K.L.:
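Can you keep this structure in mind? I'll have questions shortly.
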2 protein chains.
Amino acid sequence: MTQAPAPDRGARSRDAILDTAAELMSRYGYAATSISMISAECGLPPSSIYWHFGSKDGIYVAVLERARIELLAALPPVEVPGADVAQRLDAFLAEVEDAFRRHPHGLKLLLGLGMVQQDASAAAVAEVHHYRDALVVWARDALSAVFGLDDRPEVADELARFTLRLASGTAVARWFEPGVVLETRPLRVALLALAAHHNAPARGSSGGGALSCGVADGEYGE
Amino acid sequence: MTQAPAPDRGARSRDAILDTAAELMSRYGYAATSISMISAECGLPPSSIYWHFGSKDGIYVAVLERARIELLAALPPVEVPGADVAQRLDAFLAEVEDAFRRHPHGLKLLLGLGMVQQDASAAAVAEVHHYRDALVVWARDALSAVFGLDDRPEVADELARFTLRLASGTAVARWFEPGVVLETRPLRVALLALAAHHNAPARGSSGGGALSCGVADGEYGE
DNA sequence: GTCTATAACCAGATAGAC
DNA sequence: GTCTATCTGGTTATAGAC
């Protein structure tokens with residue numbers, strides 16, 4: 001009941017602006033989100049928003065930076081626990097699916113800009129690439145750990161690209177139909193088949209050749 | 001050398017506006033593309049643009065409609081030729097990859113709006129969904145024909161979703177790095193493994209059980 | 001740090017001559 | 001069908017009191 005001495009009123013306002021901006025920008029995109037909209041939604045006048053962030057680009061950079069930090073914190077650690085490939089993969093996929101469901105902002109922000117490369121401020125472009133690069137590195141390292149691909153970086157890269165592109169595409173689908181989730185069952189089948197196709201060592205699995213798959217390499221092989 | 005009697009000057013202007021708008025909107029998104037930009041780029045004054053399309057929404061609808069028609073015309077026909085699954089799948093993937101490479105506008109327009117659902121005009125929303133639905137139907141029918149899934153519509157749906165999401169995600173990646181292509185090799189492995197996982201009949205293939213895959217169903221099965 | 005008020009500008013859209 | 005000129009309203013951003 002202390003009557004709001006509010007030593008940190010500034011920080012709270014800053015967060016409120018950031019929350020509102022993240023919500024609106026991930027819904028309408030950067031260009032279509034105006035300062036007036038943010039102001040009306042969060043209650044603070046435009047001048048306060050400018051006091052905190054300096055410019056519209058500044059808001060965007062701050063929003064994206066926070067989304068990146070939150071998303072990376074929510075993603076599974078690179079060293080997934082599990083004795084064999086199947087266990088690690090299941091743990092990995094469960095956590096990815098969960099992060100995807102609980103952090104709808106992340107990818108939508110990256111997509112919903114409408115200004116990714118051209119005409120944007122250098123800081124905004126840098127943050128966009130920072131965000132994206134962090135995701136790529138995380139995916140490569142995590143999948144490398146899951147499949148034991150320390151000595152096959154190009155395979156880990158392919159699995160990472162595949163996973164991230166499927167996740168991005170699912171984020172696009174969720175844009176059109178809210179409620180769409182990342183389908184981990186087909187992704188699981190696909191990742192196992194891809195690893196087998198490359199004769200991944202499957203270190204820690206029950207057997208060296210266990211991942212080989214007749215379909216991919218045999219009858220229908222390239 | 002006929003000195004431009006130009007009986008179809010209107011149609012040519014309309015096309016020029018459409019070309020410019022498609023280029024700009026797929027690059028910057030709908031909201032960030034202004035009438036002035038289109039006017040400056042294509043040479044015609046704003047009033048001419050409004051005479052042809054009535055409103056900014058009208059331009060967007062026309063651009064999207066044309067992109068949809070062009071993309072669908074470029075996609076492989078539903079009935080892919082080929083005696084067995086492998087042949088049909090290869091033909092299918094080759095054409096999809098080609099269409100993806102040669103029609104960079106399509107997906108970027110769908111993504112780069114920043115206004116997909118809310119606040120947009122009813123006509124724009126309808127055209128966006130028309131576009132998307134046409135792609136979904138095409139993918140389901142084509143993959144159903146490739147794998148012989150007439151009696152397994154839910155499997156065809158899953159393969160279609162998988163393929164389209166991977167393609168959408170790749171379109172997003174291409175947004176960041178121009179030159180990115182649709183990787184059909186991993187997609188091929190994944191689709192075969194998914195079909196095998198569902199015990200797809202593989203009608204027209206060399207054998208009924210040929211698609212079964214030890215990895216997906218056996219040791220690591222769910 | 002937050003507010004009211006407003007400057008400077010550019011957007012989408014229209015009027016009407018030709 | 002195309003042009004010049006313009007209206008109205010919203011946009012980013014700032015000034016200055018509190």
Side-chain angles (χ1 to χ4, degrees), chain A residues 3-21 24-25 27-63 112-115 118-124, chain B residues 3-22 24-25 27-64 112-115 118-124:
Chain A
Q3 280 212 350
D8 58 342
R9 198 163 56 127
R12 292 219 283 74
S13 291
R14 207 190 120 98
D15 281 347
I17 296 167
L18 231 42
D19 289 341
T20 308
L24 293 175
M25 285 181 175
R27 189 141 96 207
Y28 301 108
Y30 172 84
T33 301
S34 69
I35 305 289
S36 336
M37 286 165 69
I38 300 173
S39 165
E41 192 81 12
C42 76
L44 282 81
S47 52
S48 289
I49 298 175
Y50 278 100
W51 188 90
H52 280 287
F53 298 101
S55 69
K56 196 183 169 185
D57 266 328
I59 304 173
Y60 174 63
V61 171
V63 164
L113 332 169
M115 43 86 73
Q118 231 85 342
D119 95 312
S121 83
Chain B
Q3 279 211 348
D8 58 343
R9 197 163 57 125
R12 293 222 281 75
S13 290
R14 207 191 119 97
D15 281 347
I17 296 167
L18 231 43
D19 289 341
T20 308
L24 293 176
M25 286 181 174
R27 189 142 95 207
Y28 302 108
Y30 173 83
T33 301
S34 69
I35 305 288
S36 335
M37 285 165 69
I38 300 173
S39 165
E41 191 81 12
C42 77
L44 283 83
S47 51
S48 290
I49 298 175
Y50 278 99
W51 189 90
H52 280 287
F53 298 100
S55 68
K56 197 184 171 186
D57 267 328
I59 304 173
Y60 173 63
V61 171
V63 164
L64 206 52
L113 334 168
M115 43 85 73
Q118 232 85 340
D119 96 311
S121 83

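Computed from a predicted structure; not experimentally measured. Letters A, B, ... mirror the listed sequences (proteins, then strands); counts begin at 1.
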K.L.:
What integer distance in Å separates Tyr50(A):OH from dT11(D):P?
P.N.:
11 Å
K.L.:
If you look at every heavy atom in Met25(B) and Ile59(B), which pair is closest and at what distance?
P.N.:
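Residues Met25(B) and Ile59(B), closest heavy atoms: CE-CG2, 4.3 Å.
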K.L.:
Can you measure Phe53(A) atom CZ to dT14(D) atom C1' for me and round it to whole angstrom units?
P.N.:
18 Å
K.L.:
Could you work out, with side chain to side chain donor-acceptor pair (under 3.5 Å) as the rule, every residue matching Asp19(A), not counting sequence neighbours?
P.N.:
Arg66(A)
K.L.:
With sugar-phosphate meaning primed atoms plus P, OP1 and OP2, does Ser34(B) contact a base, only sugar-phosphate, or nothing at under 4.0 Å between heavy atoms?
P.N.:
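The residue Ser34(B) makes sugar-phosphate contact but no base contact.
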K.L.:
Expressed as a whole number of angstroms, how long is the span from Ile35(B):CD1 to dT6(D):C1'?
P.N.:
16 Å
K.L.:
Once side-chain contact (heavy atoms from CB on, under 4.5 Å) is applied, do any residues pair with Ala62(A), and if so which ones, sequence neighbours excluded?
P.N.:
Arg14(A), Leu18(A), Phe53(A)
K.L.:
For residues 35-52 of chain B, which side-chain N or O atoms pair as donor and acceptor with protein atoms under 3.5 Å away, sequence neighbours left out?
P.N.:
from: Ser39(B); atom 1: OG; to: Leu44(B); atom 2: O; distance (Å): 2.7

K.L.:
Chain A on DNA chain C: first and last contacting nucleotide, 5' to 3', under 4.0 Å to a heavy atom?
P.N.:
dG1(C) to dT4(C)
K.L.:
For DNA chain D, determine which residues of residues 36-45 of chain A have any heavy atom closer than 4.0 angstrom to one of its atoms, and list them numerically.
P.N.:
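By residue number: Ser36(A).
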K.L.:
Output the rounded distance in Å from CH2 (Trp51(B)) to C1' (dT4(D)).
P.N.:
18 Å
K.L.:
Which residues pass the side-chain contact (heavy atoms from CB on, under 4.5 Å) test with Ala11(B), not counting sequence neighbours?
P.N.:
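For Ala11(B), the residues satisfying side-chain contact (heavy atoms from CB on, under 4.5 Å) (neighbours in sequence not counted) are Asp8(B).
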K.L.:
For DNA chain C, write out the stems as range with range, using runs of 3 or more consecutive Watson-Crick or G-U pairs with both distances under 3.5 Å.
P.N.:
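The stems are C:1-18 with D:1-18.
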